[in-house]
Amino acid sequence: MTIRFKNTFGGQIEEFVSQDPGIVRMYTCGPTVYDYAHIGNYRAYIFEDLLRRWLEYRGYEVTQVMNLTDVDDKTIRGSRELGIPLNEYTDKYKKAFFEDINTLGIERAEHYPAATEHIYEMVELVKKLLEKGYAYKGDDGCIYYSIDKFPEYGKLSGKRIDKNIAGARIIHDEYEKEQAADFALWKEWDEKDGDVFWETELGKGRPGWHIECSAMSMKYLGETFDIHTGGEDNIFPHHENEIAQSEAATGKPFARYWLHCAHLVVEGKKMSKSLGNYYTLRQLIEMGHDPMAIRYVLIGTHYRQQLNFTFEGLSAAKASLDRLREFKDMLLSATEDTVHMEVSDALAKAKTDFENSMDYDLNISGAMGALFELVRNANKLRDEGKLSAADAKPILEFLKDFHAVTGLLPKEKKVHTDEDVIVRIGDEKMRVEAALSERQKARNEKDWARADEIRDALLSQGWEIRDTPEGPVLKKVT
RNA sequence: GGCGGCAUCGCCAAGUGGUAAGGCAGAGGUCUGCAAAACCUCCAUCUCCGGUUCGAAUCCGGAUGCCGCCUCCA
C-alpha cells in the first residue's frame, strides 16, 4: 500500500510518508464565520473529510485542525451593522457551520480553534518575527511582514515578486508599507473596528488574517506537520504567507504536503449572488434535496477537478444513491448459506480496484466505478441464483468500509413492512399496513380501480408499494 | 502582462504509453392486472494539426476554445 498525493508544493504526485509512522497531522483552512457557508465551501470541507477518512481507513491516526476565522473585516462589519458584539454575531454562524457539517455527515476534526481565542499565540509569533527582523511597524501603526527578507517567498505558488505581485498592486500602494506586497501581521485599531480590539504588547489592535493559521497550526500540530489543505484560491497569497511567517519564525519547514481542491461552479458559471446561482447548503435542503445526494455530488468529482454543480447532476446523484441503497437492501434480504466463488472473486476485484484508486491521489471516480461494477456483478449473480446470505455478508462488510470512507450510505434498512403510520385513502383514515391489505383484497377481487386508488393515495403520502414475487412491500419515499 | 489548469458518449466523469472504467439519461427485455420500483442487455477511439514510439486519450510542439489565480474568497 502506497498512498500518493499531488503536492502543490513542487507540483508532483508523490508518495505520502508521514512524519511519524502511523500518525498524520493535518491542518485544514476552515470557514470565516460571517455568513452561512455555501456549497462551494462544503466542497472543500468534504474533500478534507474524504482525505481524513481515507487516511483513517489506511490505519493512520489523524489529528485534524480546522480553524474558525472569527475576527476579520467581514465579521466586524457584520456585527457592527447589527449593533451586536462580535462573538454574538460569529456564534450564530459557528453554530450553523456545525449543524451543516452534521447534515452532510462530515466527520469532526480534533480541534476547531477560533482566532479570537489565540490572540496570545499570534502576538508571540509576531514578536518573534519582529525580533528576527522579518517584520516592521509601518507608518500607520500596523505591523507588516517584509517579504524581501524571505528569499523563498513565492515558492508555493510559483509567483515572483518582481514580475507580477508588485506590479499588480503598485496602484494601490499607499506607502505605509515598504513593499507593496508586504502583508499585515497585526492591524492597529481604527474607528471601523469599534470595540473589537486587544491591548497587547504589539499595541491596541487585532491580528491580520494569515497569522492565525501559522500560530494555531503550530500550537496543535507542531512546527512541522504533514498535510495542509484548502481551496486553490488560498495558494496565493494565504498559504504563501503562512509559509513565509512560519518558516521565518521557526527556521523549519512548515507543512510537508499541500493539497488544494479546485473550485465549484454552478451550471457552468462562477457562483455569485448577482448571477442568482449562489446556494448555501440550507437553501438546497429547504428546496427538498437529499443531503446525501448533495454530499454525493460534492464528493464525486476528483478534488483537483473543477466541479460543475447542476440540478441535473443532483438528481443523477440521487438516482445513483438510491441504487446503492437498493443494492444494500437486496443484500440484507439474501437467504441461504451456500458460498459461491464468483461472488468472492467479484468482491476481491472491487476491493482492490477501490483501494488502488483511492491510494492514487484520492481517485474517487475510479473508486466509485469499482463499487458500481460490483453492484452490477452481484445483481447479476443474484439473478442467476448465485448470491446467498453467506455471499452477501462480506459484501456488506465492504459496503461498511465504503461508508466509512465516503459517508454516503444510510444505516437503516429502507424497506418497511410493519408501520403504524396513519394514512388517508379518500375520506378514510387507516394504518398504512391496513391500507396495504385493503389493496391486496381489492386486487384479489380484481377491483383495479380501488387497488390503484389506494396505491396512488399511499404514494402521494410518501409510501411506495412494490409488488415483488414475495408479495407487496412498502417503501418510504426519500 | 505574469503564473497555472482544462478540452474523453446527450449530461457528469475515470484513465499511472499497451490498445476507451463508472454513474445518470436513453433504447430493448424480465417481472406486473396495468404500473411503479428493481434487475439484465445495448450504447464513444478521446477538440484539431504535426511529431516521438513497435504502440499515445495518455509524451513533445503548434492551433482553437474554455476556466482559474495574480484583490477578501473553499
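In what follows, every chain begins at residue 1, and chains take the letters A, B, ... in the order their sequences are listed. Below, all heavy atoms of this structure are taken into account, side chains as well, without hydrogens, waters or symmetry copies.
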Base-pairing assignment for [N] (Watson-Crick or G-U wobble, both under 3.5 Å):
{"N": "B:rC66", "value": "B:rG5"}
{"N": "B:rC42", "value": "B:rG26"}
{"N": "B:rC31", "value": "none"}
{"N": "B:rC72", "value": "none"}
{"N": "B:rC59", "value": "B:rG51"}

For [X], report the nucleic acid contact type (base, sugar-phosphate, nothing); a contact means any heavy atom under 4.0 Å.
{"X": "A:Asn234", "answer": "sugar-phosphate"}
{"X": "A:Glu232", "answer": "sugar-phosphate"}
{"X": "A:Tyr42", "answer": "nothing"}
{"X": "A:Asp452", "answer": "base"}
{"X": "A:Leu264", "answer": "base"}
{"X": "A:Arg439", "answer": "base"}

Using atom [atom1] in both nucleotides, what's the gap between [N] and [M] to the nearest angstrom?
{"N": "B:rC12", "M": "B:rU52", "atom1": "P", "value": "35 Å"}
{"N": "B:rC3", "M": "B:rA63", "atom1": "P", "value": "16 Å"}
{"N": "B:rA56", "M": "B:rC43", "atom1": "P", "value": "24 Å"}
{"N": "B:rA21", "M": "B:rC9", "atom1": "C1'", "value": "13 Å"}
{"N": "B:rG68", "M": "B:rA57", "atom1": "C1'", "value": "24 Å"}
{"N": "B:rC48", "M": "B:rG65", "atom1": "P", "value": "16 Å"}
{"N": "B:rA37", "M": "B:rU19", "atom1": "P", "value": "38 Å"}
{"N": "B:rG26", "M": "B:rU45", "atom1": "P", "value": "23 Å"}

For A:Gln283, does the CD atom have more than 12 heavy-atom neighbours from other residues, nucleotides or ligands under 6.0 Å away?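 For A:Gln283, atom CD is crowded (more than 12 foreign heavy atoms under 6.0 Å).
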
So which nucleotide from B:rA25, B:rG22, B:rC40 ends up closest to the side chain of A:Asn379?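 Nearest listed nucleotide: B:rC40.
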
Ring centres of A:Phe354 and A:Phe398 under 6.0 Å apart?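 That pair passes the under 6.0 Å test.
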
OP1, OP2 of [N] versus side-chain N and O of [X]: anything below 4.0 Å?
{"X": "A:Lys270", "N": "B:rC69", "result": "yes"}
{"X": "A:Arg376", "N": "B:rG22", "result": "yes"}
{"X": "A:Lys475", "N": "B:rA36", "result": "no"}

Does anything in residues 352-367 of chain A reach RNA chain B, meaning a heavy atom under 4.0 Å, and if so which residues?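 Within this stretch, A:Tyr360, A:Asn363, A:Ser365, A:Gly366 sit under 4.0 Å of the strand.
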
Just the rounded figure in Å: distance from [atom2] of [N] to [atom1] of [X].
{"X": "A:Gln306", "N": "B:rC12", "atom1": "CD", "atom2": "P", "result": "12 Å"}
{"X": "A:His302", "N": "B:rU8", "atom1": "NE2", "atom2": "P", "result": "17 Å"}
{"X": "A:Glu242", "N": "B:rA74", "atom1": "CD", "atom2": "P", "result": "13 Å"}
{"X": "A:Ile235", "N": "B:rC72", "atom1": "CD1", "atom2": "P", "result": "15 Å"}
{"X": "A:His210", "N": "B:rA74", "atom1": "NE2", "atom2": "P", "result": "13 Å"}
{"X": "A:Asn241", "N": "B:rC72", "atom1": "CG", "atom2": "P", "result": "9 Å"}
{"X": "A:Asp467", "N": "B:rG33", "atom1": "CG", "atom2": "P", "result": "8 Å"}
{"X": "A:Tyr27", "N": "B:rA74", "atom1": "OH", "atom2": "P", "result": "13 Å"}

Assign the ring pair A:Phe97 / A:Tyr42 to parallel, tilted or perpendicular, where the plane angle (0 to 90°) is split at 30° and 60°.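 The rings of A:Phe97 and A:Tyr42 lie parallel, inter-plane angle below 30°.
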
Does any part of the side chain of A:Phe98, heavy atoms only, come nearer than 4.5 Å to the side chain of A:Arg108, both counted from C-beta?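 Yes - at least one pair of side-chain heavy atoms lies under 4.5 Å apart.
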
Side chain proximity check, A:Leu409 to A:Met292, heavy atoms < 4.5 angstrom: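 Side chain of A:Leu409 against side chain of A:Met292, heavy atoms only: no contact under 4.5 Å found.
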
Please report the closest heavy-atom contact between A:His403 and A:Leu408, naming both atoms and the distance.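 A:His403 and A:Leu408 have their closest heavy atoms at CD2-N, 3.5 Å.
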
Mind listing the closest non-hydrogen atom pair of A:Ile147 and A:Ala181 along with its distance?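 For A:Ile147 versus A:Ala181, the nearest heavy atoms are CD1-CB, 3.4 Å.
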
Can A:His263 be said to stack with the base of B:rA74, given centres closer than 5.5 angstrom and planes under 30 degrees apart?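 Stacked: ring centres under 5.5 Å, planes under 30°.
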
Determine whether the aromatic ring of A:Trp448 stacks with the base of B:rG33, defined as ring centroids separated by less than 5.5 Å and ring planes inclined by less than 30°.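 Yes, the aromatic ring of A:Trp448 stacks with the base.
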
Using heavy atoms to find the nearest nucleotide of RNA chain B for A:Ser315 and A:Gly230 separately, return the residue whose nucleotide is more 5′.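 The residue whose closest nucleotide sits nearer the 5' end is A:Ser315.
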
Which residue, A:Gly300 or A:Lys446, contacts RNA chain B at a nucleotide closer to its 5' end, judged by nearest heavy atom?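 Per heavy-atom nearest nucleotide, the more 5' residue is A:Gly300.
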
With hydrogens left out and only the distance checked, is there a donor-acceptor pair under 3.5 Å joining [X]'s side chain and the base of [N]?
{"X": "A:Arg455", "N": "B:rC34", "value": "yes"}
{"X": "A:Asp447", "N": "B:rG33", "value": "no"}
{"X": "A:Arg323", "N": "B:rA38", "value": "no"}

Apply the side-chain hydrogen bond (donor to acceptor under 3.5 Å, both in side chains) test between A:His210 and each candidate in A:His238, A:Glu242, A:Glu240; give the one that qualifies.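 For A:His210, the side-chain hydrogen bond (donor to acceptor under 3.5 Å, both in side chains) check succeeds only for A:His238.
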
Name the one of A:Val71, A:Thr116, A:Leu86 that satisfies side chain to side chain contact (heavy atoms under 4.5 Å, CB included) with A:Arg206?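 Answer after filtering A:Val71, A:Thr116, A:Leu86: A:Val71.
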
Knowing that exactly one of A:Thr8, A:Thr229, A:Asn7 qualifies, which makes a side chain to side chain contact (heavy atoms under 4.5 Å, CB included) with A:Tyr257?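 Going through A:Thr8, A:Thr229, A:Asn7 one by one, the side chain to side chain contact (heavy atoms under 4.5 Å, CB included) with A:Tyr257 is satisfied by A:Asn7 alone.
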
Before you tell me yes or no, could you show the steps for A:Tyr89 and A:Tyr34 under ring pair (Phe, Tyr, Trp, His ring centres under 6.0 Å), namely the whole-Å CA-CA distance, both residues' side-chain angles and the distance that decides it to 0.1 Å? CA-CA 8 Å; A:Tyr89 179 80; A:Tyr34 73 106; 8.2 Å; no

